[in-house]
Amino acid sequence: MQEKILAALKSSKADYTEIRLEERESTTVAYRGKNLETASAVIDAGGIVRCLCKDGGWGIATFNDRDNLIAKVEQAYQCAQVAHNDEPIELAPVPVREERIAASLQRDFRDISLADKKALIEGYNQILLKHSDKIISTSSAYSDSFSRITFANSEGTFIEEERPMVAVFTSAIARDGDNVQTAYETRSGQFGFEFVMGQEDKARTAAQRAVDLLRAESVVGGQYPVIVNQELAGVFIHEAFGHLSEADFVYENPKAREMMVLGRRFGQDILNVYDDGALPGLRGTHKYDDEGMPTGRAYLIKNGILVGRLHSRQTAAKMGEQPTGNARAISYRFPPIVRMTNTAIEQGTTCFEDMIKDIKLGVYACGAYGGQTELENFSFSSAYAYMIRDGKIAEMVKDVILAGNLFTTLLNIDAIGDDFQWMHRGGGCGKGAQYPLPVTFGAPHIRIQNVVIGGKK
Ligand SMILES: [Zn+2]
């Protein structure tokens, strides 16, 4: 195959050409309530050629049959010639690399039978169903995928990378009259089958939380000091801040360009935020991005100051900055665009007891049910929460929605915990038509002053 790829690249008349081929094997087993909803094994294969003509633009050809790559290159070249761009497209230089990266899995999930995968997730699903007579339905899923990506470009880079992924998802729906509550737990990473075994406690936690939420009162809306747990802090930094750091968005959006000025103060000195696509096992990790650029750590906020953003080769050249290894595509059907990998608020020094002890009345917000962001304004629903009374965690509350302005909120972070965690949770990030892209986020507990909490009361 390597010879065919090199011959096709050599045949190209474009200024720059790249070929990315992918083979993906995946299995899924899913339950809804007592019923097995899906049990599937899928093999998907295809490729994409991207050509750049300096006086035209990008041209793309995607395909499933990987024969006759020369014809695919010609197709992409013709598209690139007729494309039009107002300004010439440049690509920032990246190192030329030749490397093969093999995944090493403790218990390779490709060697596990579908029956054993079914037994695992059925076991977790049974725990949810039997936990309480208040549980009226469940949703449980096991999934794995193993991709082999071959990337080569006309500059001489040739990379083969194996990308494994395994995940379990357990969710319980509890009901009491017309009060219906949901809770979920997930676990996912670039590991073998062992990573999702022995997760009975997670299923129990999800089931118990759904039942507990039935008894929780709605939070009384108002302004509170809030402690945010690792999961919600991670979702917050990804959704409310991370997407604004994606350079294509910054470049194309004049309002974002005004906001995201390097050197601007975003938080207190204690706040450090980075994206790192090179950390072993995390969902957003690849040694190389989908333009063949090595991934690594890109600081976005350092000591409270905006110091960087996330780039593809094209956005880096446009803005006169360095590529960061953040050009990613969800599959061979799409060109790479600027995406996060593993995004984190760096560990701080405050222990949880010190963070909570002076709060007379506040909220401890945990987990996330997603939310909305519109430039600097955001709102997030926490999955569950507790009141903080006289320095202690008190009763559970529900319907906790945190809303605010990103800049004020980041400046109001006045304590960062010493209990950093990567969230090994499933799900993915969406941008344009490309969803779900595996990402991870991490954070310690953080304390934010004066958060507006919307509740039902
Ligand atoms: Zn996202």
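Computed from a predicted model, the values in this text were never measured in an experiment. Just so you know, ligand 1 is whichever comes first in the structure, and atom 1 is the first atom listed for that ligand.
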Visitor: On the ring face of Tyr332, is Arg20 found with NZ or CZ under 6.0 Å from the centre and within 45° of the axis?
Guide: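 So Arg20 doesn't make the cation-pi contact.
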Visitor: With 2.8 Å as the threshold, which protein atoms of type N, O or S lie near the Zn ion (ligand 1)? Leave waters out.
Guide: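 Short answer, with waters excluded from the count: His238 NE2, His243 NE2, Cys429 SG.
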Visitor: Rounded to the nearest 0.5 Å, how far apart are OG1 of Thr150 and CD1 of Ile19?
Guide: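 Nearest 0.5 Å value for the OG1-CD1 distance: 10.5 Å.
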Visitor: Once you round to the nearest 0.5 Å, how far does CD1 of Ile356 lie from OH of Tyr364?
Guide: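 So the gap between those two atoms works out to 8.0 Å.
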Visitor: Crowded around Arg265 CZ? As in, over 12 foreign heavy atoms under 6.0 Å?
Guide: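 Count over threshold, so yes.
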Visitor: Looking at Phe193, I'd like to know if the NZ or CZ of Arg107 sits under 6.0 Å from its six-membered ring centre while staying within 45 degrees of the ring's axis.
Guide: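 Arg107 over Phe193 ring: no.
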Visitor: Under the 6.0 Å and 45° cation-pi test, does Arg110 pair with Phe146?
Guide: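 Arg110 over Phe146 ring: yes.
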